[in-house]
2 protein chains.
Amino acid sequence: MAENGMKKALGAYTNLIRATESVQGLLSRQLGSLGLTMGQFQMLEALLHLGPMSPGTLCDKLLCGSSNLSMVIRNLQRRGLVVSRANERDERRKMVHLTPEGRAMITKVFPIQAKLIRAQMSALDGREQEILRRLCKKLGLGNPARFAVEMTKEVG
Amino acid sequence: MAENGMKKALGAYTNLIRATESVQGLLSRQLGSLGLTMGQFQMLEALLHLGPMSPGTLCDKLLCGSSNLSMVIRNLQRRGLVVSRANERDERRKMVHLTPEGRAMITKVFPIQAKLIRAQMSALDGREQEILRRLCKKLGLGNPARFAVEMTKEVG
DNA sequence: TATTGTTATACTCTATAACTATA
DNA sequence: TATAGTTATAGAGTATAACAATA
């Protein structure tokens, strides 16, 4: 029945968004008190755990546009937390690196943030967390961000 | 084991965020093409389904600060979609109303948005959606609903 | 010409604090 | 004094388009 399917979808969506905002709001406020925004944290974290990357690769990892990414890089570079250097083989390409200051910052902040994430997620037991992970993964895969625009066109 | 618990929590968190950003990104882009931001849509939707409200009540419903709310009201008022009038009993209090134009806008947009939500959530079957809803509810407990009306209205 | 990335522009959201008006 | 709401200020993310530099 179509109506029932719609209700179920809206119910799942609403609670998904509410849970995410609840968790993210808390994490974002903690980051703010540590001197980072969520976008900055994500970039530093990617650079820490995956190593230096080009802006283009960062766009893919962080799911954001190249223009927005330049802004985040600029804000971090201004504070001396990252630096972007041209690649010698292809000078169009650049590589974004953590500076020692940036590495110190993310090395300090990441465990604090992780601890709060664990605390938040502990509203669910281990089995529930695993189920949530699996369902969300399925949901994310069904909606790859890169094809977002094309999918939108079909709905209007 | 603490390490294992941390890993599981981070895995669940990461996929939760990814799924939400995937879905929200798409919805936000669709709203953009229809002339609304997510915050504006939420306010109009609350006014449509719950009726006129004071800014303070809207703050509670939409989980945002009073200052940010004033901004959203101002942007909508400038476009003639809402109007805020002083209450005659207590002139400190105001009531935010949909204008006919605002009502027409949200009445048009809500079903379109709902349809895309259903399409997005259909990456999961009904049983999975129900499990996701329950887990997310547990995770986000204590926060007010995002949609004024979750399950009871017909939405085309 | 195509690709990579930055700038320009303009808007919205967010957070904090100061402010106004009413009670 | 306390409450409801707005304004001021500053900063960050977003989208689009124009742009430069390199391949």
Side-chain angles (χ1 to χ4, degrees), chain A residues 21 24-44 52-79 81-96 145-146 148-149 152, chain B residues 17 21 24-44 52-79 81-97 146:
Chain A
E21 288 188 349
Q24 286 290 74
L26 208 62
L27 289 167
S28 178
R29 278 189 290 278
Q30 173 171 264
L31 278 181
S33 75
L34 294 166
L36 291 176
T37 66
M38 193 61 86
Q40 291 166 352
F41 172 77
Q42 284 163 9
M43 181 176 294
L44 294 179
M53 269 178 286
S54 69
T57 307
L58 275 167
C59 283
D60 294 342
K61 298 293 179 196
L62 306 181
L63 296 178
C64 77
S66 65
S67 176
N68 310 333
L69 192 95
S70 285
M71 177 79 67
V72 178
I73 291 177
R74 179 163 39 174
N75 288 334
L76 287 175
Q77 198 153 14
R78 196 173 50 193
R79 294 168 58 188
L81 298 178
V82 305
V83 61
S84 90
R85 290 198 291 266
N87 184 328
E88 57 272 6
R89 299 176 50 123
D90 180 346
E91 297 225 338
R92 288 174 310 187
R93 288 216 162 95
K94 295 193 171 176
M95 291 295 277
V96 183
R146 291 169 208 177
V149 176
T152 305
Chain B
I17 302 309
E21 286 185 351
Q24 286 292 76
L26 202 59
L27 290 166
S28 177
R29 279 189 289 278
Q30 173 170 265
L31 279 180
S33 75
L34 294 166
L36 291 176
T37 66
M38 194 62 88
Q40 292 167 349
F41 171 77
Q42 285 161 11
M43 181 176 295
L44 294 178
M53 269 178 286
S54 69
T57 306
L58 276 167
C59 284
D60 295 341
K61 298 294 178 193
L62 305 181
L63 295 178
C64 78
S66 66
S67 176
N68 310 334
L69 192 94
S70 286
M71 179 77 66
V72 178
I73 291 177
R74 178 163 38 174
N75 287 334
L76 287 175
Q77 196 153 15
R78 196 173 50 192
R79 294 168 58 189
L81 298 178
V82 305
V83 60
S84 92
R85 289 199 290 265
N87 183 329
E88 59 271 7
R89 300 176 52 125
D90 180 345
E91 297 226 337
R92 287 175 311 186
R93 287 218 162 94
K94 295 193 171 177
M95 291 295 276
V96 183
H97 298 254
R146 165 170 222 82

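Values in this document were obtained by computation on a predicted structure and should not be read as measured data. In what follows, chains are A, B, ... by sequence order, proteins preceding strands, each numbered from 1.
- Atom pair B:Gln77:CD and D:dT6:C1' shows a separation of 12 Å (rounding to whole Å applied).
- Taking 4.5 Å as the limit, some side-chain heavy atom of B:Leu36 sits within range of a side-chain heavy atom of B:Arg79.
- Annotation: side chain of B:His97 is not in contact with side chain of B:Val82 (no heavy-atom distance under 4.5 Å).
- Mapping A:Met38 and A:Glu88 onto DNA chain D by nearest heavy atom places A:Met38 at the nucleotide closer to the 5' end.
- Residue side chain B:Arg92 reaches the base of D:dT3 through a donor-acceptor N/O pair under 3.5 Å, judged by distance alone.
- Minimum interatomic distance between B:Cys59 and B:Ser66 (heavy atoms only, all atoms of both residues): SG-CA, 3.5 Å.
- Looking at heavy atoms from C-beta onward, B:Leu81 lies out of side-chain contact with B:Met43 at the 4.5 angstrom threshold.
- Within the 4.5 Å cutoff, side-chain heavy atoms of A:Val83 are placed close to those of A:Gln77.
- Rounded to whole Å, the distance from CE on B:Met43 to C1' on C:dT14 is 14 Å.
- Taking atom CG of B:Asp60 as the reference point, atom C1' of D:dA4 lies 13 Å away to the nearest angstrom.
- Using a 4.0 Å heavy-atom distance criterion, B:Gly56 is classed as a sugar-phosphate-only contact.
- For the pair B:Leu76 CG and D:dT6 P, the interatomic distance rounds to 13 Å; values are reported in whole Å.
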Would you give a per-nucleotide map of nucleotides 6-12 of chain C, 5' to 3', where B means the base has a protein non-hydrogen atom under 4.0 Å away, S means only the sugar-phosphate does, and - means neither?
BBB---S

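- Regarding B:Asn87, its CG atom lies at a distance of 14 Å from the C1' atom of D:dT3, rounded to whole Å.
- Of all non-hydrogen atoms in A:Val72 and A:Gly39, the two that sit nearest each other are CG1-O, 4.1 Å.
- We find that CG of A:Leu63 is positioned 14 Å from C1' of D:dT14, with the value rounded to whole Å.
- Atom pair A:Leu26:CG and C:dT14:C1' shows a separation of 16 Å (rounding to whole Å applied).
- Taking the side chain as every heavy atom from C-beta outward, B:Pro55 and B:Ile73 approach each other to under 4.5 Å.
- Position along DNA chain D of the nearest nucleotide to B:Thr57 versus A:Asn68 favours B:Thr57 as the more 5'-ward residue.
- Atom CG in A:Leu81 sits about 12 Å away from atom P in D:dA12, given to the nearest Å.
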